[in-house]
Participant: 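Let me give you the structure first, and then I'll get to my questions.
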Amino acid sequence: IWGAKEDEDEGDDECIFGTRSKVETRASLDSGKGQSVSSHPVEEENEKSSKSTGNQIIDEAFIHHLRCCEHLVSQLTSFGPLRYKEAVSLRKLASHGDAIAQFLSLARSKSFSLGEVFPKLSECRELHDFWVEACSKKNYLWIRLKDFSLALEKRFGDGLRLAFASVAKLVVPEIVCRVLDVGYDVEDLTLITVHQYYSHFQEIARRGLQFYMNTVGKEISIVEGLKTSRKSVHKNALLKINELGFSTLVLGSACMLLVTGDSHAKSALTGYIERLSKYPDHRQKALRVFLEAIEDTDQQIREGACKALGSMKAFEVVNQLTFLAKCDFITVKEAAYNALMACGDAGRLAFSESLPTTFYDLGPAHTLVPQMVL
């Protein structure tokens, strides 16, 4: 796998990548850039032992997924004892591990068609055709971020500018971040692989890419509208949120806006969250969004997430709320306590059971809060 191999055959246009590169053009994993290296008789033996799969295209895909893993691993110790975001990151790491394992398998073979490497992609004609059109003919394994962005802009840009003039430029960057799925600090990531592309779009492909682009545009326009001080735009966003289905972006933004937004925005978002919580599937998705948010490093986001969970009467997460009510900054403690009280008997019981026995005879739970919180 790691040694250099030579092959005189030329790849054709239907291959996901060409034949194995020779020693003269093999990329070094150590450089991390996929740069070509010149061959020299004295250096050739050293090059044979360099860390490369023997194919530059596979090397770059391999490095990309390793970098994604680095992003996730670097965050594993920053989530505190709640551990939900840690579990999410571990699942993502497992997915990247599967992709890396496939690259090692590909490195043993000469060449592949896209259908052989990723047969599931062929099941959705629109996703398949867009990917093939966006990629170069010699490489369907990955695409540069800038090329993927340009392909989205070329296909959907005019429609986005017509429907969402003020926020159209934000749609493509938002989608790129969603596809990468390692957070928003992705400056050192330069590729999107076919694995990431399909993993993101497989569930939304049934309604089409155009519908998805318009949905993201609508979500962004609502979030930006709730933040703005322009009355007409703000009012329009308040009206649109009443018609919006489930949106991870809006729920994530709600965590901050429930703390920093004006009274109208807070009321609209609270009503939106309460409406979603009535539907079991949406409720579970919303709980996952807010469980991640209560582990955020930003104090205001944690506070807003607690307020959102209170709006949902989220009895499912009383243990997490109890921890925050005891072990966070004052504003987060108060928000977590209020959320627990909104959960009824389950919340009150969870909070009282967390208190030291010596405090039980001091009165109702609400009279203990100043002593425990302050």
Side-chain angles (χ1 to χ4, degrees), residues 29 32 51 53 58 60-107 117-118 120-121 141-142 145 174-204 246-249 251-252 255 280-299 301-302 304-306 308-309 312 314 316-324 327-328 332 336:
L29 257 175
K51 296 177 181 179
T53 62
I58 296 181
E60 293 211 39
F62 196 103
I63 292 169
H64 171 75
H65 279 279
L66 288 178
R67 284 177 177 161
C68 290
C69 289
E70 284 184 330
H71 274 270
L72 296 169
V73 169
S74 67
Q75 302 171 18
L76 286 181
T77 59
S78 65
F79 299 147
L82 298 179
R83 311 300 289 271
Y84 179 78
K85 290 182 73 173
E86 185 175 31
V88 171
S89 293
L90 289 173
R91 286 197 294 269
K92 292 178 181 179
L93 280 169
S95 177
H96 287 293
D98 291 340
I100 290 172
Q102 186 175 18
F103 296 145
L104 292 176
S105 177
L106 292 176
V117 172
F118 219 88
K120 292 182 179 179
L121 187 59
L141 191 59
W142 50 258
L145 287 185
E174 169 66 23
I175 290 175
V176 168
C177 286
R178 293 185 184 190
V179 175
L180 290 172
D181 197 25
V182 292
Y184 285 79
D185 182 19
V186 293
E187 293 182 358
D188 64 329
L189 300 180
T190 60
L191 310 178
I192 286 176
T193 66
V194 65
H195 301 79
Q196 292 174 308
Y197 172 77
Y198 180 77
S199 295
H200 178 70
F201 285 104
Q202 59 175 323
E203 294 184 1
I204 59 182
F246 181 87
S247 169
T248 299
L249 178 64
L251 290 177
C255 295
D281 183 48
H282 289 168
R283 183 180 181 87
Q284 291 302 313
K285 291 179 181 178
L287 285 173
R288 290 194 287 269
V289 172
F290 297 135
L291 278 173
E292 287 199 55
I294 61 175
E295 299 182 41
D296 198 274
T297 56
D298 190 299
Q299 178 181 334
I301 290 179
R302 296 198 303 277
C306 290
L309 290 169
M312 296 178 64
E316 301 96 329
V317 296
V318 292
N319 291 335
Q320 290 89 336
L321 290 170
T322 299
F323 174 81
L324 292 176
C327 304
D328 211 312
V332 181

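Everything numeric in this text was worked out from a predicted model, so none of it was measured.
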Participant: Taking C-beta and beyond as the side chain, do H96 and L72 meet within less than 4.5 Å on heavy atoms?
Facilitator: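 SC-SC contact between H96 and L72 confirmed.
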Participant: In plain terms, say whether E174 and R178 are close enough for a salt bridge, that is, a side-chain N and a carboxylate O under 4.0 Å apart.
Facilitator: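 Salt bridge: yes.
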Participant: Between E316 and R283, does any NZ, NE, NH1 or NH2 come within less than 4.0 Å of an OD or OE carboxylate oxygen?
Facilitator: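 Looking at E316 together with R283, the answer is yes, because their closest N to O distance falls below 4.0 Å.
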Participant: Mind checking side-chain contact (heavy atoms from CB on, under 4.5 Å) for D298 and listing every partner two or more places apart, or none if nothing turns up?
Facilitator: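 By the side-chain contact (heavy atoms from CB on, under 4.5 Å) rule, D298 matches M256, D296, Q300, I301.
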Participant: Cation-pi between K285 and F246: NZ/CZ under 6.0 Å from ring centre and within 45° of the ring axis?
Facilitator: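 Checked: cation-pi criterion met.
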Participant: Tell me the closest heavy-atom pair linking L321 and A314, and the distance in Å.
Facilitator: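 It is CD1-O, 4.4 Å.
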Participant: Pairing donors with acceptors under 3.5 angstrom, does anything connect the side chains of H64 and Q196?
Facilitator: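 There is such a pair between these side chains.
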Participant: Give me the atom names and distance for the closest heavy-atom approach of L145 to L189.
Facilitator: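 Shortest heavy-atom contact: CD1-O, 3.0 Å.
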Participant: Between Y84 and E295, which heavy-atom pair has the shortest distance, and what is it?
Facilitator: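 Minimum heavy-atom separation between Y84 and E295: N-OE2, 2.8 Å.
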Participant: For F290, check ring pair (Phe, Tyr, Trp, His ring centres under 6.0 Å) against everything at least two apart and list the hits.
Facilitator: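 Expected list: none.
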Participant: List the steps, then state whether side-chain contact (heavy atoms from CB on, under 4.5 Å) holds for L106 with L141.
Facilitator: CA-CA 11 Å; L106 292 176; L141 191 59; 4.2 Å; yes
Participant: To the nearest 0.5 angstrom, please state how far the CD1 atom of I192 sits from the CD1 atom of I175.
Facilitator: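 Rounded to the nearest 0.5 Å, the CD1-CD1 separation comes to 10.0 Å.
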Participant: Does the side chain of I58 come within less than 4.5 Å of L104's, by heavy atoms?
Facilitator: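 No. Closest side-chain heavy atoms not under 4.5 Å.
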Participant: Between F103 and H65, how do the two ring planes meet: parallel, tilted or perpendicular, split at 30° and 60°?
Facilitator: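 Geometry flag for H65 against F103: tilted rings.
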